[in-house]
Amino acid sequence: MKRLLLILMLVSICFYVAYAQEKVEKKIIFEKNSTGLTEDNVKLIMDNAGNMDPKVKKNIQITMTNDSDEEDGGAFIGIFTDDMTLDQAYQKGYRELFGILITGISQGSPAQKYKLMVDDILMKIDANNIANKDQLLKILQSYAPGDTAHFTIFRNKEQLVIPFVLGSKSKPVENVPGTISITTKKKSHSVGYGGGSWTPVWFMLNTDDVNYALKHVKNNMGSDFKEISNKGLFLNGGAGKGNVGKGFFIGGMGAGYQLKRNYLDVDDSTHKMRYAVSFGGVTLDKRFHIAKHITGSIGFLLGGGEQSLVITEERSVSPTGGYHWDDISSVNLVKNEVNMKRGYIVFQPKTELIYNLLSWLAIRGEVGYMMGYSSQDGWIVTNNHDAQVKNSPNTSFDNLTFSIGPWFGF
């Protein structure tokens, strides 16, 4: 029941985010055929929008559709762009995880002069990879009109490097014919380009079955070991992901835990125990902007997990009559061992918050729910060949996970 409630909660969050984004993107478009878009035209349109909800009208932006989105007065290329989807990249034979799609060329612009084309993929400006439109604007801020840069373009399954002199977008647009759109869409914020880091995970895994095995293995091989904590295990691992367009990130993550203990009993036998937990897989996330410096995401991990338990008992046995200088051999050992494991297919829905400290450093926190499925009943003994342990429990791999730590990149 708890698992079902968590899934329903995450699905509800997904629908809420999707609905909220759709709501702010609705547009009311007014077209006016005139000699230009002047302040009087804009005032007339605003008057016609007088019946709008005041909350909506407060967030209105005026967009001139024949204008590209580089900043006025700065370095100017003269292109219209859009973030690229995986399907578009696949159709063009493009295999990189960065690059943006050119969807239009402005008349008389530097882009037209240097023969950039619609459907080109702009990969780099000098050594700077371009992951999305927001990053392009940030890169252009470091250039001035008249600077020469080398553009790397992907066209017809080939990379081209084009020396490019950046122009200046300083001409007024008040008298340019076109269409005005009144939109309630909020200001676009970058959701980042990706990164990676060390990833600690607190996994609230139930260890009752493992502790039972420790206490009941034949000959009391593990009976004197302390119980493994049932309040959670601290796993160490790593994660990384990259932006594939439209706020979606694909990556990978893995983490593991290992506990080793040993003791010497009254018969001089050494008892050893090793318990290990691990999981890993592919991740898919959808990021969305929440507030300044704060980005959220919802997504999941799909992969595999495992629990394993090894218990051994070793005792030295001297040869009859002891050892002789002229016939010394290795110490004989009597060894008993139990080596067993249980594997899972895992699915982990999760949500994440990222707080940016610097452009390349953030603090990330994540909450998820691990769900494990095993195709076999019970545990498997692996001493020689894998063999099922009859009547062993179907130990679960389900519970909450928590993670907080640094994130290098954005």
Side-chain angles (χ1 to χ4, degrees), residues 66-71 74-169 188-197 238-253 282-287 359-360 407-410:
N66 60 349
D67 192 11
S68 60
D69 45 354
E70 281 106 346
E71 295 182 358
F76 175 57
I77 301 175
I79 56 175
F80 296 85
T81 61
D82 199 1
D83 293 337
M84 190 164 44
T85 66
L86 281 175
D87 184 58
Q88 290 171 325
Y90 176 78
Q91 291 180 4
K92 296 177 183 297
Y94 187 67
R95 297 293 181 263
E96 302 294 340
L97 293 178
F98 57 90
I100 57 174
L101 189 65
I102 297 177
T103 58
I105 305 293
S106 297
Q107 293 293 322
S109 66
Q112 187 180 46
K113 176 182 176 181
Y114 289 98
K115 295 182 172 53
L116 299 188
M117 300 173 64
V118 173
D119 284 338
D120 282 349
I121 298 173
L122 179 55
M123 301 173 60
K124 301 180 183 179
I125 296 179
D126 290 330
N128 302 301
N129 293 348
I130 302 172
N132 50 52
K133 294 194 295 183
D134 291 339
Q135 192 178 10
L136 172 61
L137 294 178
K138 291 179 181 179
I139 291 172
L140 286 178
Q141 290 173 1
S142 64
Y143 291 87
D147 286 350
T148 298
H150 289 82
F151 283 27
T152 302
I153 299 292
F154 186 83
R155 178 188 299 164
N156 297 328
K157 299 185 178 181
E158 293 183 353
Q159 290 189 25
L160 307 174
V161 178
I162 302 174
F164 196 102
V165 178
L166 295 162
S168 174
K169 183 185 167 188
S188 176
H189 295 272
S190 172
V191 293
Y193 50 84
S197 182
K241 62 183 72 174
N243 191 331
V244 293
K246 304 297 184 183
F248 286 96
F249 287 72
I250 290 180
M253 185 232 173
V282 177
T283 60
L284 175 65
D285 301 271
K286 168 66 174 177
R287 281 190 186 177
S359 61
W360 54 271
W407 185 258
F408 299 99
F410 178 46

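For clarity, every value in this text was computed on a predicted model and none was experimentally measured.
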TODO: Could you give me the CA-CA distance, side-chain angles and deciding distance for Asp285 and Lys241, then say whether salt bridge (Lys or Arg N to Asp or Glu O under 4.0 Å) is met?
DONE: CA-CA 9 Å; Asp285 301 271; Lys241 62 183 72 174; 3.2 Å; yes
Open item on the list: Between the side chains of Asp82 and Lys246, is the shortest nitrogen-to-carboxylate-oxygen separation below 4.0 Å, so that they form an ion pair?
Closed with: yes
Open item on the list: Do Arg287 and Phe249 form a cation-pi contact, if we require the NZ or CZ to be under 6.0 Å from the six-membered ring centre and within 45 degrees of the ring's axis?
Closed with: yes
- [ ] Just do the side-chain contact (heavy atoms from CB on, under 4.5 Å) check on Leu101 and Asp83 with the steps written out, would you?
- [x] CA-CA 6 Å; Leu101 189 65; Asp83 293 337; over 6 Å; no
Measure across [X] and [Y] and return the closest heavy-atom pair with its distance rounded to 0.1 Å.
| X | Y | result |
| --- | --- | --- |
| Arg155 | Leu116 | NH2-CA, 4.0 Å |
| Gly78 | Ser109 | O-OG, 3.5 Å |
| Arg95 | Ala89 | NH1-O, 4.2 Å |
| Met117 | Asp120 | N-OD2, 2.8 Å |
| Pro145 | Ser168 | CB-CB, 3.6 Å |
| Ser106 | Phe80 | OG-CE1, 3.6 Å |

State, with a plain yes or no, whether a side-chain heavy atom of [X] is found less than 4.5 Å away from one of [Y].
| X | Y | result |
| --- | --- | --- |
| Ile153 | Leu122 | yes |
| Ile77 | Leu136 | yes |
| Gln159 | Thr152 | yes |

At what distance, to the nearest 0.5 angstrom, does [atom1] of [X] lie from [atom2] of [Y]?
| X | Y | atom1 | atom2 | answer |
| --- | --- | --- | --- | --- |
| Gln135 | Ile125 | CD | CD1 | 9.5 Å |
| Trp407 | Ser197 | CH2 | OG | 7.0 Å |
| Lys133 | Ile79 | NZ | CD1 | 11.0 Å |
| Ile130 | Leu140 | CD1 | CG | 7.5 Å |

TODO: Tell me yes or no: between the side chains of Asp134 and Tyr193, is some donor less than 3.5 Å from an acceptor?
DONE: no
- [ ] Show the numbers, then the answer: is there a side-chain contact (heavy atoms from CB on, under 4.5 Å) between Thr85 and Tyr90?
- [x] CA-CA 9 Å; Thr85 66; Tyr90 176 78; over 6 Å; no
Open item on the list: Assess the residue pair Leu160 and Phe154 against the criterion (side-chain contact (heavy atoms from CB on, under 4.5 Å)); give the C-alpha distance rounded to whole Å, side-chain angles, the decisive distance to 0.1 Å, and a yes or no.
Closed with: CA-CA 6 Å; Leu160 307 174; Phe154 186 83; over 6 Å; no
- [ ] Apply the test side-chain contact (heavy atoms from CB on, under 4.5 Å) to residues Ile121 and Lys92: give CA-CA distance (whole Å), side-chain angles for both, the deciding distance (0.1 Å), then the verdict.
- [x] CA-CA 9 Å; Ile121 298 173; Lys92 296 177 183 297; 3.8 Å; yes
Open item on the list: Could you check whether any side-chain N or O of Asn243 sits under 3.5 Å from a backbone N or O of Asn132, counting only pairs where one atom can act as donor and the other as acceptor?
Closed with: no
Task: Flag, side chain of Gln88 to backbone of Met84, donor-acceptor distance under 3.5 Å - done: no
TODO: Assign the ring pair Phe164 / Phe151 to parallel, tilted or perpendicular, where the plane angle (0 to 90°) is split at 30° and 60°.
DONE: parallel
